[in-house]
Amino acid sequence: MNFSRLFIRARPTIPAARNSLVLRRYSFATATMESIKVHNSLKPGAPVPFVPIQPDKVSWYVCGPTVYDKSHLGHARNYVSTDIIRRILMHYFGFDVKFVMNMTDVDDKIIIKARRQRLLELEKNKTYSAAELRALALAAFRAYAASSLPLLVDEGVELDESNYTARRDAAYGKVLAGSTLTGEGKPGDPEAKIKMHLGNMDAAAAAMKQGDIFPGADEILLPYLDSLYKETIDTRDQTMFTDLTKSMETLFTEDMDNLNVLRPDVITRVTEYVPQIVSFVDRVVQKGFAYEAEGSVYFDIAAFEKAGNTYARLRPDSRNDKSLQEEGEGSLSKNLGGKRGAGDFALWKKSKAGEPFWPSPWGDGRPGWHIECSVMASDVLGSRMDIHSGGIDLAFPHHDNELAQSEAYFCEHAKGEHTWVNYFLHMGHLSISGSKMSKSLKNFQTIQDALSTDYTARSMRIVFLMGKWNDGVEISPDMRAQADNWESTVSNFFTNTKSWLAEAGVTDGVESLSISSDTPATGLLADLEQAKKEVQAALINSFDTPRAMLVILKLVNSTNVFLKDNKDANLAEVEAIARWITKMAGIFGLDARAKAPYDGLGWASAISADMDPKTAVGPYAAVVDKVKAEVSKLSLSSDAMPTLLAQDPSKGFESVASTGSRDIEKLALPFLRTVSQIRDELRRIVSAQTPETKKQILAITDRIRDHDLTNLGVYLDDRPDNQPSLIKFVPAAELIAAREEKAAREAEKAKKKEEARLAREKADQEAKEKAKVPPEEMFKKDERYSAWDEQGMPTKMKDGSDVPKSQMKSLKKMWDKQKKVHEELKAKGGL
């Protein structure tokens, strides 16, 4: 933790007649609704004016998740960014937003995953010999390679676990090394998919070598077993599908709650809408915009356009992209036939064996992917809505097909095209090494893992706030550093402001301070008003949160600079700034504990609803009792200490509690003031005490600051010149981490100091041992020489030649030095 930034030494002052003045009130969002502009995918280019169908109200449908796997950071990027815009509309601009989200619980991916899991469970329950099980795994291994990694296949020699690694490195070494398959350009989705498949093959090869097939080979067995037995599954019992989707929906909801994403006003599920979907499709057929073929129903793009409608309004350049069309239809639709146009898409799919089904006029089948959203959104929001949103990857074909079928359903030919959606908002991708984060690519970090290791909900949201919602984001170390700097700077500002208020005895918040509304804003208030204007301009401009975040950071930094240079700054002005930033942080969803209209100061610190306030402050009261007991035992020369020890902080606590406050900081403050004042007095008188008492005092004051209060998330900022310590509320985890980091540094310093001492002792001992050797003997054991004179100086080399004169000079210097240290040791009695 950066303590140097946390503890600003300036001490703002309070207006002399703070209760007699009128608080300057700041309007929050003065922009008219018509002045808001937003990027609309239906009208590419610059942001367009946002005009809702009904004044003050916004109808909004968002494509929710396909609930077949855990949610990852890509989902977090999508739904947190959506949540930020929703909160801005509601809590900044004051719109009444009706927010609808679907849960896709019927989908090819769901069907495949649920069915494969069931088949794998059945396979694991079978009785196999070791040879039979290996044969099954080997067949799956080869089938997986042939399907997903064709470069591994060599018709001359069959692939197995023994030759796999060599073939892998030869065929896909470039990809594994971070390059592309072709060696040109940057790696993307194709390379990510190859790595995923190779990872599955790696695990399977290792499992086969160890003879332990399950679970190492599960990923290659799943598609193989599906190819063998998928048609044998009885799908009249749909629990295999619903068990999967219900469990994944629960996890998704938990993830969104943990990210402080507001829950939708309405949640729709496909399985609850099948009759309405059948009716919707039938109407499109009756109007001539769809046709039945071999038990499936397809949307007729040609008929739709012939009637004067426009297809692929969002992505006209993608309308003939076969790969996107096939992805939109789903992998289980490849063998469905009868389409008239290559781009026609399924509204209703004939169910094959091994797939769930529902009755319809065209036979047993299931909804197409795109029709689901059209029916659910229209059922809740009607024939028109203000906003439809989702990830950018849904623009084509999903959203384009939604538009077409919905406009076909609602259009009246005499009135021309029907407008189903006014504004399409598409959230940018989150990328990893150039590849979008995707469940199917398995290149994702789950939200659960991210929140338990790398992020807090706040830090993740700050990262997303620092990128435009409609731009792609690739999280980099620089971006993380910028986000961390923003959070720590704002957190420290909140901490300092609250500590100054606590020191000043202000407990009633902003109403106890005041700023005259009769005088023009100057200084800090002028900075505040300018920041408000700039933030509003940013949010009006298509919710430009990166700009807004920079404005807030700039305001905090300029306020900190002002406080360093102006020690008599008005505390009311500082508090006004802190409260406005608190409100903006609340609107952006950065404080899970705060509730609209976000009128607090700093990060909210309320106790849990089921906890009694007296119980909540118990640990703080215990510190007071402990400190009083210890100080009472000391022999002190202090006139003030008896009065301080006689203080009863419980009275101050009861006064705060009687207001109904559940703010733990306010409730605990009376106890903390008492402890801080006692400690300040100990620090003031310590120099005048006896050595033993001084030692006891220093131990107590250090322990109070570094342990008793640190463990409660409180830091006492000691100030010079007998100024009272500032009480600062800082997350206990941060303080404890800082304490442990300091202890680790001191331990490392002590370790190096001890190592240096031992090294010196060793060197001294070695020098002493060396000094014991008489100079006459020092060269006698050197095998390079064969003769010596009476002083022990070498005269002949090993080969009988004379020692060179140049060498004799250096040997004489060594001899003289040895004689000196030897005689010194002898004189000291060391021999």
Side-chain angles (χ1 to χ4, degrees), residues 1-6 70-85 87 178 186-188 192 255-256 258-261 391-392 427-438 441 443-495 538 543-557 560 581 584-585 588-592 602-603 730-731 733-738 740-741 744:
M1 184 177 183
N2 192 340
F3 285 96
S4 63
R5 297 180 57 190
L6 178 59
K70 292 181 179 179
S71 300
H72 54 66
L73 285 183
H75 294 105
R77 155 66 167 162
N78 183 0
Y79 296 113
V80 169
S81 295
T82 300
D83 182 70
I84 290 167
I85 298 173
R87 286 172 177 271
K186 295 182 179 180
D255 286 339
M256 294 301 105
N258 290 335
L259 291 173
N260 196 30
V261 171
I392 186 61
M427 309 299 146
H429 275 312
L430 181 72
S431 299
I432 295 180
S433 301
S435 178
K436 75 174 183 180
M437 188 173 287
S438 165
L441 295 180
N443 66 338
F444 61 87
Q445 181 181 28
T446 67
I447 293 173
Q448 289 177 331
D449 289 344
L451 291 179
S452 65
T453 55
D454 299 332
Y455 293 90
T456 64
R458 180 181 298 150
S459 67
M460 188 184 298
R461 187 173 282 250
I462 290 171
V463 167
F464 297 148
L465 280 160
M466 289 188 157
K468 291 187 177 181
W469 58 270
N470 55 322
D471 286 346
V473 172
E474 183 161 5
I475 298 177
S476 65
D478 285 346
M479 179 180 286
R480 286 298 306 272
Q482 291 173 15
D484 290 344
N485 174 66
W486 192 98
E487 182 176 7
S488 63
T489 301
V490 171
S491 293
N492 293 344
F493 180 63
F494 287 155
T495 297
F543 318 112
D544 186 355
T545 60
R547 176 61 186 160
M549 296 288 279
L550 287 175
V551 171
I552 292 170
L553 185 65
K554 178 183 175 183
L555 177 62
V556 174
N557 286 332
N560 288 338
I581 294 173
M584 289 308 308
F588 289 160
L590 292 173
D591 193 346
W603 310 125
V730 181
E734 293 183 21
L735 291 177
I736 292 170
E740 292 176 349
E741 182 181 344

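In terms of heavy-atom proximity, Ala483 sits nearest to Val463 at CB-CG2, 3.7 Å. Nearest approach of Ala538 to Ala548, heavy atoms of both residues: CB-N, 3.9 Å. Summarising the geometry of Leu259 relative to Ala76, their closest heavy-atom pair is CD1-CB, 3.8 Å, with the distance given to 0.1 Å. Heavy-atom minimum distance, Gly178 versus Pro187: O-CG, 3.5 Å.
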| query | Given Leu590 and Val490, is the side-chain contact (heavy atoms from CB on, under 4.5 Å) satisfied, shown in steps? | reply | CA-CA 11 Å; Leu590 292 173; Val490 171; over 6 Å; no
**Report entry** Worked verdict on Phe464 versus Leu430 for side-chain contact (heavy atoms from CB on, under 4.5 Å)
**Finding:** CA-CA 10 Å; Phe464 297 148; Leu430 181 72; 4.3 Å; yes
So Met584 and Val551, side-chain contact (heavy atoms from CB on, under 4.5 Å) or not? Walk me through it. CA-CA 11 Å; Met584 289 308 308; Val551 171; over 6 Å; no
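Although no hydrogens or angles enter the test, the distance criterion places no donor-acceptor pair under 3.5 Å between the side chain of Asp454 and the main chain of Ala450. Judged by distance alone, the side chain of Arg480 and the main-chain N or O of Ile475 form no donor-acceptor pair under 3.5 Å.
For the pair Arg461 and Tyr455, the minimum side-chain heavy-atom distance is 4.5 Å or more. Between Ile85 and Trp469, the closest side-chain pair of non-hydrogen atoms falls below 4.5 Å. Looking only at side-chain heavy atoms (C-beta outward), Met256 and Ile447 come within less than 4.5 Å of each other. With contacts defined as side-chain heavy-atom distances shorter than 4.5 Å, the pair Ile462/Met549 qualifies. Ile581 is listed as a side-chain neighbour of Phe493, based on a closest heavy-atom distance under 4.5 Å. The closest side-chain heavy-atom distance from Asn78 to Thr82 is below 4.5 Å. Counting heavy atoms from C-beta outward, Leu73 and Met460 have side chains that approach closer than 4.5 Å.
Considering CD1 of Ile552 and CG of Leu555, their distance stands at 8.5 Å, rounded to 0.5 Å. The line from CG of Asn557 to CG of Asn485 is 7.5 Å long, rounded to the nearest 0.5 Å. Remark: Glu740 CD to Ile736 CD1 distance equals 7.0 Å, nearest 0.5 Å. The CD atom of Gln448 sits 11.5 Å away from atom OG1 of Thr453, with the distance rounded to the nearest 0.5 Å. Note that OG1 of Thr456 is 11.5 Å distant from CG of Asn258, once rounded to the nearest 0.5 Å. The distance from atom CG of Leu465 to atom CD1 of Ile84, rounded to the nearest 0.5 Å, is 3.5 Å.
Between Lys70 and Asp449, no side-chain nitrogen of the basic residue sits less than 4.0 Å from a carboxylate oxygen of the acidic one, so the salt-bridge criterion is not met.
Between His75 and His72, the ring planes are tilted. Angles from 30° to 60° get that label.
Between the side chains of Ser491 and Trp603, at least one donor-acceptor pair of N or O atoms lies under 3.5 Å.
Taking the centre and axis of the six-membered ring of Phe588, the NZ or CZ atom of Arg458 falls outside the cone set by 45° and 6.0 Å.
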